[in-house]
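What follows is a set of notes on a single structure, which appears directly below.
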Amino acid sequence: TLASEYKYSRIRQWLNEEFYTTVFTELEKELIILTTIYSNDGTDSFEDKIYIPSRDEVTNPDCGFSTGVLSDPMRALAVTDFSIASGGHKNIESSMHYGNASWYLRTPFYNDGKSADKIIMDGTIMSSLVDDSTFGIVPMLKIKINEHTPDGGEIIDEILPTCTERGSYTFVVRCTE
């Protein structure tokens, strides 16, 4: 197994076990929908409750992201209190990106087996060895959203992701198809 293969990664296991059981209430857990994740070449798939974004997801212009790898303020994220409490690092050197973090994507870097794509503090996509503890992650999930019908009833729809928007400690999928 390659170190950069997300399907078998320790971070995937941690997200769907320890993070999931620690961070979310029982009600919140009921609202989380399993998401099918595809391998980069599309030959394999698996399901997760919580996952980290791919390069395709953070370069989707329909979601407001730039398609290139250069700096994109939509990808530049500040470190959260949860991340700091979990050992996350933040930029304290540059006033322009003060408080921002670098974070991993699940996309391997050219299948070298050792590296994955990452977002650095200004929103640029680069690569790094997957064992670099100075980089964080940005968990993603799909949720059921309650909608009220005109007669006062309630419908719970499963929302399929096409875009992401910033949440308090996750990218929470809000787009519908």
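This one's a predicted model, so the numbers in the text were calculated from it and none came from an experiment.
- Distance alone, capped at 3.5 Å, is enough to place a donor-acceptor pair between the Glu28 side chain and the Thr25 backbone.
- Asp72 and Ser66 are linked by a side-chain donor-acceptor pair at a separation below 3.5 angstrom, with hydrogens and angles left out of the test.
- No donor-acceptor pair closer than 3.5 Å links the side chain of Arg106 to the backbone N or O of Arg55.
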Lys7 and Asp44: CA distance, side-chain angles, deciding distance, side chain to side chain contact (heavy atoms under 4.5 Å, CB included) verdict: CA-CA 9 Å; Lys7 181 177 181 176; Asp44 191 17; 2.8 Å; yes
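- Counting only heavy atoms from C-beta outward, the side chains of Lys49 and Phe19 never approach each other to under 4.5 Å.
- Put simply, the side chain of Thr124 gets close to the backbone of Ser71: a donor and an acceptor are under 3.5 Å apart.
- Within the 3.5 Å criterion, the main-chain N or O of Glu17 finds a donor-acceptor partner in the side chain of Thr21.
- Side chains of Arg12 and Asp48 form a contact here, defined as non-hydrogen atoms less than 4.5 Å apart.
- Leu15 has its side chain within reach of Ile52: a pair of non-hydrogen atoms, C-beta onward, lies under 4.5 Å apart.
- Residue Met121 comes nearest to Asn100 through the heavy atom pair O-ND2, 2.9 Å, listed as atom of the first residue, atom of the second, then distance.
- Results of the side chain to side chain contact (heavy atoms under 4.5 Å, CB included) test with Leu105 over Ile137, Thr59, Val138, Val58 single out Val58 as the only residue that passes.
- No continuous path of hydrophobic side-chain contacts links Trp103 to Ile120 [ILVMFWY only; heavy atoms under 4.5 Å].
- Here the side chains of Tyr104 and Asp117 are not in contact, with every heavy-atom distance at 4.5 Å or above.
- The closest donor-acceptor contact from the side chain of Ser102 to the backbone of Phe135 lies at 3.5 Å or more, if one exists at all.
- Under the 4.5 Å side-chain heavy-atom criterion for grouping Ile, Leu, Val, Met, Phe, Trp and Tyr, Trp14 is connected to Phe46 within one hydrophobic cluster.
- For the residue pair Ser54/Asp56, the side-chain donor-acceptor check at 3.5 Å is not satisfied.
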